[in-house]
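Lettering of chains follows the sequences in order, A, B, ..., and the numbering in each one begins at 1. Just so it is clear, the structure is predicted and the values come from calculations on it, not from any experiment.
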Number of protein chains: 2
Amino acid sequence: MVTIYDIAEKAGVSAMTVSRVINNTGRISDKTRAKVKRVMDELGYVPNQMARSLVLQETRLLFLIITDITNPFYTTLARGAEDAARKRGYRLLFGNTDEDPEKENDYIDAVLKTRADGVLLAPAGDASLPHLEMLRRHNVPFVLLDREVPGAESDVVLGDSKEGARQLVKQLVGAGHRRIALINGSRTISSARERLEGYREALKLNDLAYDEALVLETSFGPRSDLTGIEAWLDGMRPLPTAFVAGNNVLAVELMRTLRSKGLRVPEDVSLVCFDELASYAEMDPFLTVISQQAYQFGHLGMQMLLDRIQSPGDPAGRRRIVLPAELIVRRSVRQL
Amino acid sequence: MVTIYDIAEKAGVSAMTVSRVINNTGRISDKTRAKVKRVMDELGYVPNQMARSLVLQETRLLFLIITDITNPFYTTLARGAEDAARKRGYRLLFGNTDEDPEKENDYIDAVLKTRADGVLLAPAGDASLPHLEMLRRHNVPFVLLDREVPGAESDVVLGDSKEGARQLVKQLVGAGHRRIALINGSRTISSARERLEGYREALKLNDLAYDEALVLETSFGPRSDLTGIEAWLDGMRPLPTAFVAGNNVLAVELMRTLRSKGLRVPEDVSLVCFDELASYAEMDPFLTVISQQAYQFGHLGMQMLLDRIQSPGDPAGRRRIVLPAELIVRRSVRQL
DNA sequence: GATTAATATGTTACCGATAACTCTAAAGTA
DNA sequence: TACTTTAGAGTTATCGGTAACATATTAATC
């Protein structure tokens with residue numbers, strides 16, 4: 001590997017002069033600068049970022065840790081985060097946890113070892129608290145995305161899950177449904193709790209009883225973790241006329257299972273959910289959903305993070321952004 | 001930040017002893033080891049990866065550079081690559097180029113600056129050649145995914161695009177179609193060329209004339225780059241009875257445009273394409289596709305890369321893996 | 001022409017780790 | 001007992017950069 005010392009020797013100057021040319025600092029005569037640059041080109045010099053970071057105590061590296069890289073909500077979010085990071089000269093490392101606190105722990109470890117300047121994290125769940133404490137202990141700024149962690153007073157960008165759930169239920173009730181089921185993620189995840197609560201509130205508001213049998217708590221994905229849907233369906237008699245799914249992955253799995261039982265949506269049962277399925281859903285817009293501004297989650301979150309990083313002394317308290325939920329009515333609800 | 005020197009001082013040993021405890025090298029008495037470990041825990045020590053890499057000349061960091069992070073083909077591929085990398089103790093950095101050679105150049109630059117141990121690259125196109133030469137010049141092992149670059153003798157994992165295109169056309173011809181259009185990615189991309197060629201071969205084999213007007217060359221995505229579909233459709237008289245799309249993004253865009261013109265698939269026109277749309281496509285399997293083993297692209301590619309990295313002296317020539325194309329027949333082709 | 005100021009460059013120390021070598025004391029050997 | 005091993009540590013140099021200070025020119029000022 002070519003180093004500044006190689007350049008320095010060949011150009012007949014000191015290493016410091018080369019460093020100055022690279023960083024455009026200090027004063028350098030045009031002649032020297034030209035000579036150094038020529039030698040750099042000749043030898044194909046590329047600065048060693050590690051050596052730089054070591055002395056500068058700054059890596060310009062950020063981590064984005066998400067729970068499911070195949071979920072379009074998160075990839076869209078990732079794009080938003082990446083755009084914002086690039087714009088301000090930071091590089092972004094992605095991590096994928098599959099909602100597994102173990103894997104998340106591995107990534108937190110990587111963050112610390114790498115001395116990343118900050119972290120954008122969609123936490124696996126409440127069990128992420130020790131990880132956040134770890135980050136705080138090591139003074140690594142972080143912003144949570146999509147989910148809160150009780151006990152961690154952190155910056156966070158959330159969707160309005162409770163209101164979203166209310167709207168979905170309201171939509172169903174408006175279409176005449178009275179037996180409405182909910183398939184949801186784990187209660188260890190704040191957004192799942194909020195969605196359940198919104199669902200219950202909306203039921204109460206419409207004088208519908210809450211029936212535990214109509215609620216399935218499973219996982220937000222990835223799909224291999226989704227179990228028990230079939231048994232749940234078989235256990236409900238009579239079958240609900242409508243379903244609310246806590247996210248896109250659940251909606252898909254539920255729909256697949258319904259189909260395997262010969263049940264069609266919306267002819268036989270109605271279905272609404274959180275999140276768009278994919279950009280491909282636009283091909284044949286079908287599901288009535290609460291659409292979340294995935295890109296904004298990443299973009300705003302990244303901006304908050306960079307603000308924290310670039311003004312570390314700023315005493316400003318915790319920042320909490322709640323993005324509104326938008327109901328998009330399509331064709332998956334049948335009017336009873 | 002806590003360093004080995006802090007540990008050393010507090011434990012009353014030298015920094016080297018601490019290093020030995022961390023890496024489990026050399027000889028250390030149980031007593032000393034225990035003492036050092038205790039101090040490490042107390043102070044919450046985390047090794048500085050950069051300092052380590054600097055002296056070891058190895059980062060255990062790999063880059064995966066893909067062209068579209070919102071395309072499920074690539075996210076599935078990414079998962080395959082990540083799994084393989086984790087298993088062997090490497091960390092993975094993702095980059096997203098949007099098929100833009102400029103952005104790709106930025107990432108190649110990042111690879112070099114970071115001194116990553118290797119790169120897995122889905123090249124933006126033939127214009128990526130200088131980037132590959134750059135990597136070679138700096139002795140960074142790399143493996144290409146999904147696309148070849150003429151002039152670069154590199155390891156590569158490909159799909160059998162030509163055969164895939166042949167099968168798609170054959171399927172259409174078998175259903176009675178004789179006026180078959182192709183919407184494809186840029187000819188600067190090897191897989192687009194192969195798909196075009198397979199399309200032409202299959203036409204010839206079935207005594208159908210090749211008509212340039214029936215072929216649109218646009219982009220494999222992201223969607224904002226897709227233009228000219230509507231004008232192309234309007235220019236074809238009569239309209240083809242069937243379409244082949246060069247990938248999933250194109251299929252979606254085409255379908256959306258067709259729908260906006262009041263044309264339904266398959267009632268009015270038939271459509272087949274490369275790649276699954278998303279895992280969500282399984283919800284309501286509809287499109288007849290050539291399904292590629294996206295996970296395997298990433299997994300095998302990563303294994304090849306790690307093999308290269310871990311036996312650098314190995315003189316073995318270029319390795320080229322071609323994964324077979326599998327036709328999955330569903331409901332998007334109408335029998336004429 | 002001597003002094004001061006500005007410009008251009010060099011020297012040294014350090015960031016946080018590890019390799020290679022050295023040293024010391026206790027154990028083993030003849 | 002004298003000599004060799006060996007276990008368990010320490011010292012020093014180095015990886016590739018940059019900050020801070022020092023120095024040598026050249027130009028400006030009186």
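- Residue-to-nucleotide proximity on DNA chain D shows that, of B:Gly12 and B:Leu54, the 5′-proximal contact is made by B:Gly12.
- For A:Tyr5 and D:dG16, a side-chain-to-base donor-acceptor distance below 3.5 Å is absent, hydrogens and geometry of angles not being considered.
- In this structure, A:Ile4 reaches the bases: a heavy-atom distance under 4.0 Å links it to at least one base atom across the strands shown.
- Between A:Asp6 and A:Lys10 there is no salt bridge, since no side-chain N of the basic residue sits under 4.0 Å from a carboxylate O of the acidic one.
- With a cutoff of under 4.0 Å to any heavy atom of chain B, the contacted region of DNA chain C is bounded 5' to 3' by C:dG16 to C:dC21.
- Results of the side chain to side chain contact (heavy atoms under 4.5 Å, CB included) test with B:Leu144 over B:Val119, B:Asp155, B:Val149 single out B:Val149 as the only residue that passes.
- Atom-to-atom, CD1 of A:Ile28 to C1' of D:dT18 comes out at 13 Å; the value is rounded to the nearest Å.
- Residue A:Gln49 is out of contact with every strand shown, counting any heavy-atom pair closer than 4.0 Å.
- By the salt bridge (Lys or Arg N to Asp or Glu O under 4.0 Å) test, A:Arg38 pairs with no residue at all, sequence neighbours left out.
- In summary, B:Asp30 and B:Lys37 do not engage in a salt bridge, as defined by a charged side-chain N under 4.0 Å from a carboxylate O.
- The nearest whole Å value for the distance from the CG atom in A:Asp6 to the C1' atom in D:dC15 is 13 Å.
- Legend: salt bridge (charged side-chain N to carboxylate O under 4.0 Å, His left out) pairs involving residues 120-142 of chain A, not counting sequence neighbours, sorted by first then second residue: A:Asp126-A:Arg193.
- As a whole-Å value, the separation of A:Leu56 CG from D:dG17 P is 12 Å.
- For the pair A:Ser19 (side chain) and A:Ala15 (backbone), a donor-acceptor distance under 3.5 Å is absent.
- Taking the charged nitrogens against the carboxylate oxygens, A:Arg147 and A:Glu104 have no contact shorter than 4.0 Å, which rules out a salt bridge.
- Taking a cutoff of 4.0 Å between a charged side-chain nitrogen and a carboxylate oxygen, B:Arg91 and B:Asp117 do not qualify as a salt bridge.
- Under the rule for a salt bridge (Lys or Arg N to Asp or Glu O under 4.0 Å), B:Asp83 has no partner lying at least two apart in sequence or in another chain.
- Between the side chain of B:Ser29 and the backbone N or O of B:Thr32, at least one donor-acceptor pair lies under 3.5 Å.
- Interface residues of residues 30-47 of chain A facing DNA chain C, ordered by number: A:Thr32; criterion, heavy-atom separation under 4.0 Å.
- Across residues 13-27 of chain B, B:Val13, B:Ser14, B:Met16, B:Thr17, B:Arg20, B:Arg27 each have a non-hydrogen atom less than 4.0 Å from an atom of DNA chain D (numbered order).
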